S.K.: 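Before I ask anything, here is the structure I am working with.
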Amino acid sequence: MTSSRPYLVRAFNEWILDNDCTPYLVVDAGVQGVQVPTAHVANGQIVLNISPGAVRGLVVGNSALEFSARFGGVPMQVFIPLQAVMAIYAKENGEGMVFGSEPGSPDPDGTNDRDGSDPGGQEERPSGRPTLKVVK
């Protein structure tokens, strides 16, 4: 099956906007193909406001998300492979979704077996790699 991530990103974005909140994305800036302003990357991640007032031409395709925006007054075209999207949430209340790895999806750090499965039942993350926790 194809990845569910693009469908979920589109749905959560619409849901957050319908509830008059601001959609934010957490992106792993270290994934190959990510084009974001590196000056705003912290601990390998960047948080992006993707509300209609902050970006122009937002397109969430089945393999990537792209838009144009200004960062410090400088216009930039942003390109994000969807496997790099770690979470989408509402700025105002934190409601949203954190994404894990999907079976069969490419693993950017190469820790899974070649078929995409994780025989140990848990992902092993190298120390020092940023992680995201849900706190309620």
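What you see is a predicted model, and the numbers here were worked out from it, not measured in a lab.
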S.K.: Hey, any chance Ile50 and Phe79 share a hydrophobic cluster, counting ILVMFWY side chains that come within less than 4.5 Å of each other, even indirectly?
M.R.: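 No.
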
S.K.: Where do Val60 and Pro6 come nearest, in terms of heavy atoms and distance?
M.R.: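 That closest heavy-atom pairing would be CG1-O, 4.1 Å.
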
S.K.: Considering non-hydrogen atoms only, spot the tightest contact between Leu82 and Arg5 and give its length.
M.R.: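 Nearest pair, atom of Leu82 first, then Arg5: O-CD, 3.0 Å.
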
S.K.: Taking the side chain as C-beta and beyond, is there a heavy-atom pair between Phe71 and Val36 under 4.5 Å?
M.R.: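 Answer no - side chains too far apart.
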
S.K.: Report the distance from atom CZ of Phe67 to atom CG of Leu48, rounding to the nearest 0.5 Å.
M.R.: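 Result: 5.0 Å between the selected atoms.
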
S.K.: Val31 and Ile46: same hydrophobic cluster, using ILVMFWY side-chain contacts below 4.5 Å?
M.R.: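 Result: yes, single cluster for both.
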
S.K.: Which value, rounded to the nearest 0.5 Å, describes the distance between Asn13 atom CG and Cys21 atom SG?
M.R.: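 Answer rounded to 0.5 Å: 12.0 Å.
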
S.K.: List the atom of Arg70, the atom of Pro75, and the distance in Å for their closest heavy-atom pair.
M.R.: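 Answer, listing the atom of Arg70 first, then Pro75: NH1-CD, 3.6 Å.
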
S.K.: Taking all non-hydrogen atoms of both residues into account, name the closest pair between Ser68 and Gln77 and its distance.
M.R.: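 Reported closest heavy-atom pair: CB-OE1, 3.4 Å.
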
S.K.: Using side-chain contact (heavy atoms from CB on, under 4.5 Å) as the criterion, point out the one residue from Val47, Asn49, Leu65 that pairs with Leu25.
M.R.: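 When Val47, Asn49, Leu65 are each tested with Leu25, the side-chain contact (heavy atoms from CB on, under 4.5 Å) holds only for Leu65.
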
S.K.: Given the rule that I, L, V, M, F, W and Y join up when any side-chain heavy atoms are under 4.5 Å apart, are Met76 and Val55 in one cluster?
M.R.: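 Met76 and Val55: one cluster.
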
S.K.: Is Asn43 reaching over with its side chain to a backbone N or O of Gln45, donor-acceptor style, under 3.5 angstrom?
M.R.: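 Between the backbone of Gln45 and the side chain of Asn43 there is no qualifying donor-acceptor contact (under 3.5 Å).
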
S.K.: Please report the closest heavy-atom contact between Ile16 and Ala90, naming both atoms and the distance.
M.R.: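 The answer is CD1-N, 3.7 Å.
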
S.K.: With the 4.5 Å side-chain cut-off for hydrophobic clustering, are Ile88 and Leu17 part of the same group?
M.R.: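 Result: no, two separate clusters.
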
S.K.: Could you walk me through whether Asp28 and Val34 pass side chain to side chain contact (heavy atoms under 4.5 Å, CB included), step by step?
M.R.: CA-CA 8 Å; Asp28 181 348; Val34 170; over 6 Å; no

S.K.: Do the rings of Tyr89 and Tyr24 sit parallel, tilted or perpendicular, given the 30° and 60° boundaries?
M.R.: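 Because their plane-to-plane angle is over 60°, the rings of Tyr89 and Tyr24 count as perpendicular.
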
